Amino acid sequence: MTKTILITGATDGIGQLTAKMLADEGHTLLIHGRSAEKLAATRAQMGGAVETYQADLSSLSETAALAEQLRSDHGQIDVVINNAGVLKTGAPRLPDGQDVRFVVNTRAPYLLTKALLPQIPPAGRVINVASAAQAPVNADALAGGVTLADMDAYAQSKLALVIWTQELARARPEGPVFIAVNPGSLLASKMVREGFGIAGSDLGIGAGILCRLATEEAFAQHSGDYWDNDAGGFGPPHAAAHDPRQIATVMNALDDAG
């Protein structure tokens, strides 16, 4: 059965490859990116039904506008894959003082997902691309009061992503299914090249699991779980993901902002 699938950060790397693979399977793809040129180039490489959406997820106002446009265009979105992410940047602080890693990696996907929940059916899915890199969240950094090193900010933002994945799953037992996933460490993405200076491993490792999580019935009973593709299965995220104080820190910050 074909689905309507939204993928953020779909103009390069794992997001782009995942979009192409899902389009080849006959699904309707809603692809997001920051650049109109990259969106057009990606669209030209894909067959089937593909729609493009441009927004800068470092802006929560643009994120909200993206959600509104998607709600206007589509009565139902079966799968949301929150893939867009930032690790290393020359301008980590946004004009309002927020760390761009927390905004793009944690806050924007939360805002987008919450806004689209009326469009996602109970049998639908929200797949959040996390990372093996996870670390306890510094509340001051999440609030924009502390500047962190690139990897520290990235790892903390990804743990925060795992936390809200779990919490939305807990709050909505009727569905949709929420799954956080480490698609594989050091894959051949732009982020890995710029952040670590290495070519990385086959992107298909990560794109393949994202396609499976988005579409296969075998994962329908795993809402709130964390898939570690390095280990090849579901497993525990960082222990801090289950710390009540960490959960409160993250969810209070996200809900206060929303």
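Nothing here was measured: the structure is a model prediction, and the numbers come from that model.
Side-chain contact between W164 and L168: present, with at least one pair of heavy atoms (C-beta onward) separated by less than 4.5 Å. Using a 4.5 Å heavy-atom cutoff, the side chains of H242 and P237 are in contact. Using a 4.5 Å heavy-atom cutoff, the side chains of E25 and T2 are not in contact. Counting only heavy atoms from C-beta outward, the side chains of R71 and I77 never approach each other to under 4.5 Å. Taking the side chain as every heavy atom from C-beta outward, P109 and V126 never approach each other to under 4.5 Å. Side-chain contact between I14 and L203 is present, with at least one heavy-atom pair separated by less than 4.5 Å. Under the 4.5 Å side-chain criterion, counting only non-hydrogen atoms from C-beta, L22 is in contact with I81. H32 has its side chain within reach of L57: a pair of non-hydrogen atoms, C-beta onward, lies under 4.5 Å apart.
One finds the CG atom of L111 at 12.0 Å from the CD atom of E62 (value rounded to the nearest 0.5 Å). The NZ atom of K38 lies 12.0 Å from the CD atom of Q54; values are rounded to the nearest 0.5 Å. Between the CG atom of L87 and the CE atom of M151 there is a distance of 6.0 Å, given to the nearest 0.5 Å. Distance check: M21 CE to H27 NE2 gives 10.5 Å after rounding to the nearest 0.5 Å. Here the straight-line distance linking atom CD1 of I31 with atom CG of L6 works out to 10.5 Å at 0.5 Å rounding. Note that the CD atom of Q76 and the OG1 atom of T28 stand 11.0 Å from one another [nearest 0.5 Å].
Of the possible donor and acceptor atoms, none in the side chain of Q98 sits under 3.5 Å from a partner among the backbone N and O of R93. In terms of modelled atom types and a separation under 3.5 Å, the side chain of D99 and the main chain of A141 share no donor-acceptor contact. Although no hydrogens or angles enter the test, the distance criterion places no donor-acceptor pair under 3.5 Å between the side chain of K20 and the main chain of T42. Of the possible donor and acceptor atoms, one in the side chain of T106 sits under 3.5 Å from a partner among the backbone N and O of S157. The backbone N or O of V104 lies less than 3.5 Å from no partner atom in the side chain of R101, so there is not a single donor-acceptor pair. The backbone N or O of Y110 sits nowhere less than 3.5 Å from a side-chain atom of T113 that would complete a donor-acceptor pair. Without hydrogens or angle criteria, D140 side chain to V146 main chain gives no donor-acceptor distance under 3.5 Å. R125 places no side-chain N or O within 3.5 Å of a backbone atom of V80 that could act as its donor or acceptor partner.
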Run the numbers on N83 and T18 for side chain to side chain donor-acceptor pair (under 3.5 Å), then give the verdict. CA-CA 10 Å; N83 166 72; T18 301; over 6 Å; no
Tell me, with the steps shown, if Q156 and D152 meet side chain to side chain donor-acceptor pair (under 3.5 Å). CA-CA 6 Å; Q156 291 183 35; D152 291 337; 5.5 Å; no
Start with the C-alpha distance between V137 and F102, add both sets of side-chain angles, then the distance that settles side chain to side chain contact (heavy atoms under 4.5 Å, CB included), and finish with yes or no. CA-CA 10 Å; V137 179; F102 280 110; 4.3 Å; yes
Checking E51 against Y53 for the side chain to side chain donor-acceptor pair (under 3.5 Å) test, could you report, in this order, the C-alpha distance in whole Å, the side-chain angles of both residues, the deciding distance, and whether it holds? CA-CA 7 Å; E51 298 178 30; Y53 291 85; 3.1 Å; yes
Check against side chain to side chain contact (heavy atoms under 4.5 Å, CB included), T8 and L112: CA-CA 10 Å; T8 67; L112 181 64; 3.8 Å; yes
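Between Y226 and Q134, the side chains place a donor N or O and an acceptor N or O closer than 3.5 Å (distance only, hydrogens not considered). Side-chain contact of T11 with Q16: a donor-acceptor pair under 3.5 Å is absent, judged by distance alone. Under the 3.5 Å distance criterion, with hydrogens and angles disregarded, a donor-acceptor pair is assigned to the side chains of N128 and T165.
Of all heavy-atom pairs between D243 and R245, the closest is OD1-N, 2.9 Å. Residues S223 and F178 approach most closely at OG-N, 3.0 Å, considering heavy atoms. Contact between G184 and N229 at its shortest, heavy atoms only, is N-CB, 3.9 Å. L94 and S58 make their closest contact through CD1-O, 3.4 Å (heavy atoms, listed as atom of the first residue, atom of the second, distance). Listed here is the closest heavy atom pair of A240 and L159: CB-CD2, 3.7 Å. Taking each heavy atom of D230 and A132 in turn, the nearest pair found is OD2-CB, 3.9 Å.
Within a 6.0 Å sphere centred on CD of E217, heavy atoms belonging to other residues, nucleotides or ligands number 12 at most.
Test N82, V181, V177 against I127 for side-chain contact (heavy atoms from CB on, under 4.5 Å) and you get one pass: V181.
When ring centroids are compared, W227 and F219 come within the 6.0 Å threshold.
With hydrophobic clusters built from ILVMFWY side chains whose heavy atoms lie under 4.5 angstrom apart, M251 does not share a cluster with V162.
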